[in-house]
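One structure is given here, and the rest of the page talks about it.
The shown structure was predicted, so the numbers you read here are calculated from the model rather than taken from an experiment. Numbers here simply count residues along the sequence, with the first being 1.
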Amino acid sequence: MAIFKQLKLLFTSGSLIAAALASPVQKPFNDDDIDDTPLPLVIWHGLGDSYSAAGLREVGALADAINPGTLVYFIRMDDDGSRDRSATFLGNVTEQIAKACADIAAHPILSTAPAIDALGFSQGGQFLRGYIERCNNPPVRNLVTFGSQHNGISAFRDCPWSDWVCRGAMALLKGNAWTQFVQSRLVPAQYYRNPDEYEQYLEHSNFLADINNERMFKNRTYRENLAKLENLVLYMFEDDTTVVPKETAWFEEVNGTEITPLRARRMYSEDWIGLRELDRKGGLHFRTAPGDHMQLTDQLLNETFAEFFGPIKKAKKSAPRPMMLGGGDL
C-alpha cells in the first residue's frame, strides 16, 4: 500500500497543468448532415501519454485536414493532463471504460451522431474495443488500432532511467500481477497474459480475459457489438520492441517460438468476440507499420484517415472474404 501511495505522489506532484484543448466548433447532427459531415473521431492515447499532449493534437489536426469538419474528441480520465497521464498507469480499467462510455454518451455532439469512428494508440486500442463491446453508445463504425495489446502482453515494458513514474509502476507489477490489489489499480497488469500463467490469468484478470471472452461464460453482447463494426483495422509495428509479443496487435498467440495466427485459434473458430463474423463480411484487416512502437508517419496516418474515416457516404467496405471449400477457413 505504501508503494502505491508513493507512486501516486510521483504522478501528481511537480507537474505543470496541461493547457486545455480548445473544443472544435460543430453543431449537433441532424438528418441533413448524415451524407456529407464527417463522423466524429474519438481517440484514446497510450501508456505514459496524455490527452492534451501536443502530438495527439497534431494527429487531430491531420484528421481534420483529410476530412474537413471532423470533430476530434480525445478520451481523458481527468481534465488535468498530468493526472490523465497518471491514469494510464494507475487505475481500474473497468472503471475507466465506464467513464469513457458515460462521457461520450453525454457529449452534446457525439451523442447526436449516427455513429463515430475510433482510433486507438497502443493500450488505447484495446480500451476502445472494450468501449465497443460493453456500451457502444453511440456506435463505432470503424476502429483502427496501432500497436495495441489485443491478446495481452507476456512481459512488462522497460522504462527510461529518467521516467520514475514508469519505473515505479513496473517494479510494483513484477511478481505481483495477479493480486487483487494490483489487478484493480495497475493498468498494464490488467492486460498481462502470459501463456505460462494462463490459469491464473483466467481467474484473476480484471479486464482482458473478460473482453476477450476467454472464460467459460461467453458474453453474447460483446460478440454482437464487435461484429457490428464495418471495419476493424489492426496495425502491428514491424520492429516493435516495446510490446512483447508484438504479434498481440493481430490477436496472435505466442508461446515461446510458436506463433498461432488468429484464424487458427479457438477464439476465432468459435467466434468468441465476433472476429470471425467480421472477417467473413470483409471487415477485418491485418496491416503492418514500419519501425518500432508508435513510430508513425504523417503519410501513414493520412492514408488511414482517408480510407476509413470521414462521412458515412464515403466509408469503404471490403468485399466479403471468400470461404474455402472443404471446411477450411484459414
Side-chain angles (χ1 to χ4, degrees), residues 11 15 18 21 41-60 62-63 72-78 80-93 96-97 99-100 117-132 143-160 163 165-170 173 186-193 207-208 211 232-251 287-298 300-301 304-305:
F11 285 128
S15 299
L21 293 177
L41 175 61
V42 171
I43 300 176
W44 203 327
H45 59 81
L47 184 67
D49 210 344
S50 160
Y51 86 96
S52 58
L56 276 184
R57 281 178 279 178
E58 291 172 4
V59 170
L62 287 175
V72 180
Y73 177 81
F74 302 95
I75 292 176
R76 76 292 307 263
M77 293 299 106
D78 196 287
D80 177 82
S82 63
R83 288 196 289 268
D84 183 57
R85 180 179 187 270
S86 77
T88 69
F89 291 96
L90 289 175
N92 187 309
V93 176
Q96 291 184 354
I97 290 175
K99 173 175 169 49
D117 287 322
L119 174 64
F121 294 124
S122 197
Q123 69 180 20
Q126 62 261 29
F127 297 169
L128 279 168
R129 181 162 61 86
Y131 165 86
I132 294 168
L143 170 62
V144 177
T145 68
F146 283 96
S148 297
Q149 301 86 41
H150 290 293
N151 201 51
I153 55 173
S154 60
F156 297 116
R157 63 180 286 183
D158 293 326
C159 303
D163 193 342
V165 171
C166 177
R167 292 181 63 193
M170 294 304 124
L173 287 171
L186 274 293
V187 171
Q190 295 165 65
Y191 53 85
Y192 176 62
R193 184 185 182 279
F207 170 67
L208 191 69
I211 66 157
L232 173 59
V233 187
L234 307 171
Y235 276 95
M236 176 177 68
F237 290 98
E238 294 175 344
D239 303 312
D240 201 328
T241 58
T242 298
V243 174
V244 180
K246 68 179 183 181
E247 293 83 3
T248 183
W250 286 359
F251 283 95
R287 298 192 175 181
T288 58
D292 205 339
H293 192 65
M294 295 309 301
Q295 291 185 347
L296 288 164
T297 64
D298 289 358
L300 178 58
L301 288 172
T304 301
F305 297 162

Heavy-atom closest pair (M77 atom, A87 atom, distance to 0.1 Å) is CB-CB, 3.7 Å
Sub-3.5 Å donor-acceptor pair from the side chain of S50 to the main-chain atoms of D84, do we have one? no
Which label fits F146 and F237: parallel for a plane angle under 30°, tilted from 30 to 60°, or perpendicular past 60°? tilted
Side-chain donor/acceptor of S148 to backbone N/O of S122, under 3.5 Å: yes
For V244 and I153: C-alpha separation, side-chain torsions, deciding distance, then whether side-chain contact (heavy atoms from CB on, under 4.5 Å) applies. CA-CA 5 Å; V244 180; I153 55 173; 5.8 Å; no
Closest non-hydrogen atom pair between S52 and G81, with its separation: OG-CA, 3.6 Å
Please confirm whether the backbone N or O of D298 pairs with a side-chain atom of E58, one donor and one acceptor, at under 3.5 Å? no
For the residue pair Q126 and Y191, confirm or rule out a side-chain donor-acceptor distance under 3.5 Å. no
Under 4.5 Å between any side-chain heavy atoms of K99 and I75, yes or no? no
Taken to the nearest 0.5 Å, the spacing of L208 CG from R129 CZ works out to 6.5 Å
Do the side chains of Y235 and T304 get nearer than 4.5 Å, heavy atoms only? yes
What closest approach, in Å, do P290 and E238 show between heavy atoms, and which atom pair accounts for it? CA-OE1, 3.7 Å
Taking the side chain as everything from C-beta on, heavy atoms only, tell me whether L296 gets closer than 4.5 Å to V59. no
Heavy-atom pair of closest approach, residues F74 and R57: CZ-CA, 4.1 Å
Donor-acceptor contact below 3.5 Å, side chain R85 vs main chain G48: yes
Heavy-atom pair of closest approach, residues L128 and A118: CD1-CB, 4.0 Å
Student check: side-chain heavy atoms of T145 and F127 closer than 4.5 Å: no
Verify, without hydrogens or angle tests, whether T248 (side chain) and N151 (backbone) share a donor-acceptor contact under 3.5 angstrom. yes
Tell me, do V187 and T88 make a side-chain contact under 4.5 Å, heavy atoms counted? no
Does the side-chain contact (heavy atoms from CB on, under 4.5 Å) test come out yes or no for L186 and L90, once each step is laid out? CA-CA 5 Å; L186 274 293; L90 289 175; 3.9 Å; yes
If every non-hydrogen atom of V72 is compared with every non-hydrogen atom of G60, which pair is closest and at what distance? CG2-O, 3.8 Å
For the CZ atom of F121 and the CG atom of D49, what is their distance to the nearest 0.5 Å? 9.0 Å
Got a second to check how far L47's CG is from M294's CE, nearest 0.5 Å? 11.5 Å
Charged N-O contact under 4.0 Å between K246 and D240: no
Could you tell me whether the side chain of W44 and the main chain of Q123 form a donor-acceptor pair under 3.5 Å? no
